[in-house]
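Quantities reported herein were computed from a predicted structural model and do not represent experimental measurements. For the numbers below, each heavy atom of this structure counts, side chains included, while hydrogens, waters and symmetry mates do not. Residue indices begin at 1 and follow the sequence shown.
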Amino acid sequence: MLRTRSPVRPLSLADRDEALAVCARDLPRGVFVAARVVEGARTGSLTSVLGHRVDGELTSLCWASANVVPVGTTEESRPAFAERVRRWRGRCASVFGPREEVEGLWRHLSPYWGPARALRSRQPLLAADRPPSSLGVELDPRVRPARPDEVDLVLPAAEHMFTAEIGYPPYRGSDRGYRASLSALAARGHTYVVIEDGEVVFKTDVGSLALGCAQLQGVWLAPRLRGQGLAVPMLASVVEQVMVGQAPMVSLYVNDFNAAARATYERLGFREVGDFTTVLL
């Protein structure tokens, strides 16, 4: 029996501009993969980005590494992406991205990967393009980028945030790999903190940055400080600094049941621009 050639292939450096054009069609949805394309082009490899072509045109993408993240996929391309990645179950911690794309992709993966550990079925995707100060929001002047030599201070906050959100610690045994990822974020100026008496009491990261859009992740405030109205000026300062120095658009996604966080983001001028879904494995 003659097997047809799959339309899905790992990208090469020559595909960079086409891949970014796919992501740019809906930038808040595509910025995670766009940032990986930019980084891959800088380091010399795009092989973790899979592309689907129709009549020679790159139509959709899927980042396939520790996470599987679809961009611009269709009913036609999702089975082909799933066939490509279904043998990688042991490598992947989650599938996340635009809701309809993740749900469609997961229908093809779940028979091979088994039941999800958890499903966050609706996570509103939010975006803002006006500095909070222009909306009359107070900025906390203590917020600043963390320095690479402050990783020991950032680590407990990052661990707490990750464990509370995902349901298990970010590493087992040695913290070397996790610490390296935190150091890399700090070295790029992508981690913002408030430090009081030698303790990080607020942090968030620019997890993805490309094409004039920054996506925040890991927004965290020390539990003892919650409910006091502190998150709004702290996060407002982050958004303001990012818009001035890195990207005019800031996006993030949030669990639909997190009413307090959603109220904070609304106060900062974030508007809903789509839905994400996360499948935790």
Side-chain angles (χ1 to χ4, degrees), residues 27-29 31-32 34-35 123-148 150-151 153-162 164-165 182 185-276:
L27 194 49
R29 291 161 64 108
V31 66
F32 178 93
Q123 298 173 300
L125 175 65
L126 311 176
D129 55 13
R130 293 182 60 187
S133 61
S134 72
L135 304 174
V137 180
E138 179 185 358
L139 308 180
D140 189 321
R142 299 172 297 167
V143 177
R144 61 170 177 80
R147 300 190 308 268
E150 293 176 319
V151 168
L153 299 180
V154 174
L155 183 63
E159 286 181 322
H160 188 279
M161 180 281 304
F162 186 100
E165 174 64 21
L182 297 179
L185 284 169
R188 295 196 296 269
H190 285 187
T191 295
Y192 290 83
V193 295
V194 173
I195 298 177
E196 289 184 346
D197 299 324
E199 177 191 6
V200 170
V201 298
F202 167 84
K203 72 162 283 292
T204 190
D205 305 309
V206 176
S208 302
L209 176 65
L211 305 177
C213 181
Q215 191 164 86
L216 301 183
Q217 66 181 26
V219 179
W220 180 86
L221 181 66
R224 70 177 186 276
L225 300 179
R226 295 173 188 174
Q228 302 177 37
L230 300 175
V232 169
M234 288 178 177
L235 191 57
S237 184
V238 173
V239 173
E240 190 94 5
Q241 291 179 56
V242 170
M243 286 184 172
V244 170
Q246 300 185 55
M249 177 184 291
V250 177
S251 72
L252 52 83
Y253 56 99
V254 59
N255 291 319
D256 61 343
F257 53 79
N258 193 339
R262 295 184 68 179
T264 294
Y265 302 144
E266 183 177 359
R267 179 70 182 89
L268 298 178
F270 283 89
R271 65 191 186 282
E272 192 168 328
V273 295
D275 275 341
F276 267 26

Please round to the nearest 0.5 Å and tell me the distance separating atom OG1 of T204 and atom CG of L221. 11.5 Å
Under 4.5 Å between any side-chain heavy atoms of Q241 and L139, yes or no? no
For a quick test of your reading: what N or O donor-acceptor pairs under 3.5 Å do the side chains of residues 191-198 make, sequence neighbours left out?
unit_1: T191; atom_1: OG1; unit_2: D205; atom_2: OD1; d: 2.7
unit_1: Y192; atom_1: OH; unit_2: Q246; atom_2: NE2; d: 2.7
unit_1: E196; atom_1: OE2; unit_2: R142; atom_2: NH1; d: 2.4

Yes or no on side-chain contact (heavy atoms from CB on, under 4.5 Å) for F202 and V238, after CA distance, side-chain angles and deciding distance? CA-CA 11 Å; F202 167 84; V238 173; 3.8 Å; yes
Which heavy atom in L182 sits nearest to a heavy atom in L155, and how many Å separate them? CD1-CD1, 3.6 Å
How many angstroms lie between CD in Q215 and CG in L209, if you round to the nearest 0.5 Å? 11.0 Å
I need the R29 CZ to D275 CG distance, nearest 0.5 Å. 9.0 Å
So, for V239 and L216, which heavy atoms are closest and what is the spacing to 0.1 Å? CG2-CD1, 4.3 Å
Pair L235-R267, side-chain contact (heavy atoms from CB on, under 4.5 Å): steps then yes or no: CA-CA 11 Å; L235 191 57; R267 179 70 182 89; over 6 Å; no
Heavy-atom count check: over 12 atoms from other residues, nucleotides or ligands less than 6.0 Å from E272 CD? yes
Which atom of P233 lies closest to which atom of G229, heavy atoms considered: CD-O, 3.3 Å
Ignoring hydrogens, what is the shortest heavy-atom contact between G269 and A128? Give both atom names and the distance. O-CB, 3.8 Å
Considering only NZ, NE, NH1 and NH2 on the basic side and carboxylate oxygens on the acidic side, decide whether R144 and E150 come within less than 4.0 Å. yes
Testing the basics here: between R262 and D256, what is the closest heavy-atom pair and its distance to 0.1 Å? NH1-O, 3.2 Å
Value rounded to 0.5 Å, distance of CD in E138 from CE in M234: 10.5 Å
Taking atom CZ of R271 and atom CD of E266, what is their separation to the nearest 0.5 Å? 13.0 Å
I need the Y253 OH to F32 CZ distance, nearest 0.5 Å. 7.5 Å
Please confirm whether the backbone N or O of S133 pairs with a side-chain atom of E240, one donor and one acceptor, at under 3.5 Å? yes
CA sep, side-chain torsions, deciding dist, call: V250, F270, side-chain contact (heavy atoms from CB on, under 4.5 Å): CA-CA 8 Å; V250 177; F270 283 89; 3.9 Å; yes
State, to 0.1 Å, how close S251 and C213 come at their nearest heavy-atom pair, and which atoms those are. OG-SG, 3.9 Å
Stepwise, does the side-chain contact (heavy atoms from CB on, under 4.5 Å) test hold for R224 with V201? CA-CA 9 Å; R224 70 177 186 276; V201 298; 3.7 Å; yes
